[in-house]
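The block underneath contains the structure these notes are about, expressed in structure tokens.
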Amino acid sequence: MGDEPAPADIFAVRRRKLEALRAAGIDPFPHEFQGVEPIAAARAAHAGLSPGEETGALHRVAGRLAARRGQGKMAFVDLVDRSGRIQLQGRVDELGEEGMERLLALDLGDLVGVDGLAFCSRRGELTLRVRSLALLAKSLRPPPEKHHGLQDVETRFRHRELDLIANEEVRELFVLRARVISSIRRFLDGEGFVEVETPVLQPLYGGALARPFTTHFNALDRDFYLRIATELYLKRLIVGGLERVYELGKDFRNEGLSPKHNPEFTMLEYYEAYADYLAVADRFERLMAAVGLDGSWRRETLVAAIRERTGIDVMAHHDRDALAAQMRSRGLEAPREDSWAELVDELVSKHVEPTLVEPTLLLDYPVELSPFAKRHRSEPGLVERFEAYAGGMEIANAFSELNDPDEQRARLRDAGQPPDESFLQALEQGMPPTGGLGLGIDRLVMVLAGRPSIREVVLFPAMRD
RNA sequence: GCCGCCGUAGCUCAGUUGGCAGAGCAGCGGACUUUUAAUCCGAGGGUCGCAGGUUCGAAUCCUGCCGGCGGCACCA
């Protein structure tokens, strides 16, 4: 082409190259490139080469152009795929003038496919000497900076694809997340659980205490809710005799954003007929071992945990004003409008939860805080429930499920929850004694990956428009 | 919703007391057949988040708005 002046616009340069390719009869967006081998596999095939050693082994790889060094008659470029990075060597005596020119015309970020001979460079780096090279897709935007990666948090979350291109550890994290989820499925499938899907769009919401998102069903001219939990539908399946069920999917809660809260989040719930919460705790520990969180979980009762941290015995002051007085006498805030149960909740979240960095199961909650849990068999006023904490964060919640329909109706009334008649009818049909668990997948991944924010483990976290 | 911090080139970041808008990477032109953040020469690239205000003069000071982060509140 002509010798146009140096273009000011960094985007226009790439556009111009695209047009030049088309003009030269090269399709900048071809349809396929088959027979590709992962870069990691090509590397593994030549693990022990010494500097300067040639192999004669031909490999076909594909990926994104990530760096280049040298120009003229010989150039090195780095190619990255999901599995890793490999250096390519282009030589004019191998590719010819025209081929070399095409290689040098590539931009960082272009997707290319390569057939090349494996050898070890003088500096000891496994390299593919390019035999032939195909542009697989032209990149029209410059990639993020190659040394520092993409740092800007807003861009990383709004354009996660750039984050994935630029930051290898981000790529690894989301692969880890996928492996965690498939490990959970494999574990539960292996234990005889059936994976089910229940409605996301619900005429009535329940199974947790949270504000829902509301939407409108036009055909019925009626408001619907996005589910806040799968609990009630799953228990109906236990009534139906499925015995062991689980669902892995999104819940939606119309609450504030924080490093621990995204409005849509991934939840595992499972229910197991004939189990109580201690059986659930044992299975939970094995499930955690299956995803790499080994070891036994410290167990502590909620009442003891509060007493140990604050000196207050909440069951000995089972009265709103008495408990508030206890708290105030110790210099703790006790908001006037809070009920006894809310004060207990306050004590747990302010004084117990932050101390639970080591994996811990907190057992036996007050009945007022747990409308779906069965009364404790020996501790009056408590229910058989545990919450699992790790990294100072609640990651799971489990109980012996309440299966007495009359008591369930009364508990929902006391909690100010709308009665879900279909659910209550199901309990009237007869639900076996059942243990259930809810596990926050995002938070679990935070713990496993050591990330301080839920946004780091959700591909596209909620952002303002 | 409230409070605090932040927003400068495609990316990573400087920018002094209010006095001409800067660097590195990337990109462009050129040199180079073993480079590893390649090197060297040359020429470019800006809505300083947006809108007002103060001032002879604003990236810098003030107000409002938008967006992000952190905290509080709500909650899980």
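Naming: A, B, ... by sequence-line order, numbering from 1 per chain. Atom set for the values below is all heavy atoms of this structure, side chains included, hydrogens, waters and symmetry mates excluded. Here the structure is a predicted model, which means the values were calculated and not measured.
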## Note on the structure
Taking C11(B), C69(B), U35(B) as options, the one with an atom nearest any side-chain atom of Met463(A) is C69(B)

### Query
Just how far, in rounded Å, is C1' of G70(B) from CD of Glu154(A)?
15 Å

### Whole-angstrom distance between U63(B) and A26(B), as gauged at atom C1'
38 Å

### Query
Charged N to carboxylate O under 4.0 angstrom, Glu456(A) versus Arg156(A)?
yes

### Query
Does OP1 or OP2 of U36(B) have a side-chain N or O of Arg123(A) closer than 4.0 Å?
yes

#### Entry: Under 4.0 angstrom between Arg464(A) side-chain N/O and G68(B) OP1 or OP2
yes

### Message
With a cut-off of less than 4.0 Å, is there a side-chain N or O of Lys350(A) near OP1 or OP2 of A73(B)?
### Response
yes

### Message
If you assign each of Leu150(A) and Gln71(A) to its closest nucleotide in RNA chain B, which residue comes earlier from the 5' end?
### Response
Leu150(A)

### Query
What does Asp152(A) touch in the nucleic acid at a heavy-atom separation under 4.0 angstrom: a base, only the sugar-phosphate, or nothing?
sugar-phosphate

### Query
Can you check whether Leu369(A)'s main-chain N or O pairs, donor with acceptor, with Arg385(A)'s side chain at less than 3.5 Å?
yes

### Task
Assess the pair Tyr270(A) and Tyr246(A): is the distance between their ring centroids shorter than 6.0 Å?
no

### Candidate nucleotides C69(B), G70(B), U33(B), ranked by approach to the side chain of Ser453(A) - the nearest
G70(B)

### Message
Regarding Arg443(A), tell me which of base, sugar-phosphate or nothing describes its non-hydrogen contacts under 4.0 Å with the strands shown.
### Response
base

### Summary
Taking a pair to mean Watson-Crick or G-U wobble geometry with both distances below 3.5 Å, C32(B) pairs with none

### Query
Does a side-chain N-to-carboxylate-O contact under 4.0 Å join Glu401(A) and Lys235(A)?
yes

### Task
Return the nearest nucleotide to the side chain of Arg91(A); candidates are U12(B), U35(B), U34(B).
U34(B)

### Query
Are Phe174(A) and Leu459(A) close enough that some pair of their side-chain heavy atoms sits under 4.5 Å apart?
yes

### Message
For a quick test of reading the model: is some side-chain N or O of Lys17(A) closer than 4.0 Å to OP1 or OP2 of C28(B)?
### Response
yes

### Rounded distance (Å) that lies between atom C1' of U12(B) and atom CD of Gln151(A)
7 Å

### Query
G18(B) and G24(B): how far apart are their P atoms, nearest whole angstrom?
28 Å

### Query
RNA chain B: Pro452(A) or Ala67(A), which has the more 5' nearest nucleotide?
Ala67(A)

### Query
Going by atom types only, do Gln89(A) and Thr127(A) share a side-chain donor-acceptor pair under 3.5 Å?
no

#### Entry: P-based separation of U16(B) from C28(B) [nearest Å]
33 Å

### Query
So, is Lys146(A) near the phosphate of G10(B), with a side-chain N or O under 4.0 Å from OP1 or OP2?
no

### Query
Do the two ring centres, one from Trp297(A) and one from Tyr389(A), sit under 6.0 Å apart?
no

### Task
Using the C1' atoms only, state how far C66(B) lies from A23(B), rounded to an integer number of Å.
29 Å

### Query
Within the pair Arg69(A) and A38(B), is there a side-chain N or O less than 4.0 Å away from OP1 or OP2?
yes

### Lys73(A) side-chain proximity, nearest of G68(B), C13(B), C32(B)
C32(B)

### Query
Quick one: which of Arg131(A), Arg129(A), Arg60(A) gives a salt bridge (charged side-chain N to carboxylate O under 4.0 Å, His left out) with Asp115(A)?
Arg60(A)

### Task
Could you check whether Leu209(A) gets within reach of a base, just the sugar-phosphate, or nothing at all, counting any heavy atom under 4.0 Å?
sugar-phosphate

### Query
If we call it a pair only when both distances are under 3.5 Å in a Watson-Crick or G-U wobble match, what pairs with G27(B)?
none

### Task
Provide the distance between the two C1' atoms, one in U35(B) and one in G29(B), to the nearest whole Å.
22 Å

### Query
Across the strands shown, which category fits Pro143(A) at heavy-atom distances under 4.0 angstrom: base, sugar-phosphate, nothing?
nothing

### Message
Given A37(B), U33(B), C75(B), identify the nucleotide with an atom nearest to the side chain of His147(A).
### Response
A37(B)

### Message
If you only use heavy atoms from C-beta on, which nucleotide in C11(B), U36(B), U34(B) is closest to the side chain of Glu125(A)?
### Response
U36(B)

### Distance, C1' atom - from C32(B) to U39(B), rounded to whole angstrom
9 Å

#### Entry: Pairwise P distance, A73(B) and C2(B) [rounded to whole Å]
16 Å

### Task
Mind calculating the distance between CD1 (Ile10(A)) and P (G10(B)) to the nearest angstrom?
8 Å

### Identity of whatever pairs with G18(B) - Watson-Crick or G-U, under 3.5 angstrom
none

### Spacing between Glu346(A) atom CD and C72(B) atom P, to the nearest angstrom
12 Å

### Given G68(B), A73(B), A37(B), the nucleotide with the shortest approach to the side chain of Arg158(A)
G68(B)

### Task
Just call it for Asn262(A): base, sugar-phosphate, or nothing, with non-hydrogen atoms closer than 4.0 Å on any strand.
base

### Message
Would you measure the distance from the C1' atom in G15(B) across to the matching atom in G7(B) and give it in whole Å?
### Response
15 Å

### Task
Take atom CD of Gln89(A) and atom C1' of C32(B), then tell me their distance rounded to the nearest Å.
15 Å

### Task
Kindly say if Arg122(A) contacts the phosphate of A38(B), meaning a side-chain N or O under 4.0 Å from OP1 or OP2.
no

#### Entry: Distance flag, aromatic centroids of Phe372(A) and Phe399(A), threshold under 6.0 Å
no

#### Entry: Proximal nucleotide (of U35(B), G68(B), C75(B)) relative to the Phe76(A) side chain
U35(B)

### Message
Please pick, from U35(B), C69(B), A76(B), the nucleotide with the shortest atom-to-atom distance to any side-chain atom of Glu394(A).
### Response
A76(B)

### Summary
Scanning all shown strands, the Watson-Crick or wobble mate of G7(B) with both distances under 3.5 Å is C66(B)

#### Entry: Shortest side-chain distance from Arg455(A), nucleotide among G68(B), C74(B), U35(B)
G68(B)

### Query
Rounded to the Å, how far apart are Leu128(A) CG and U35(B) C1'?
15 Å

### Query
NA contact type, Gly440(A), heavy-atom cut-off 4.0 Å: base, sugar-phosphate, or nothing?
nothing

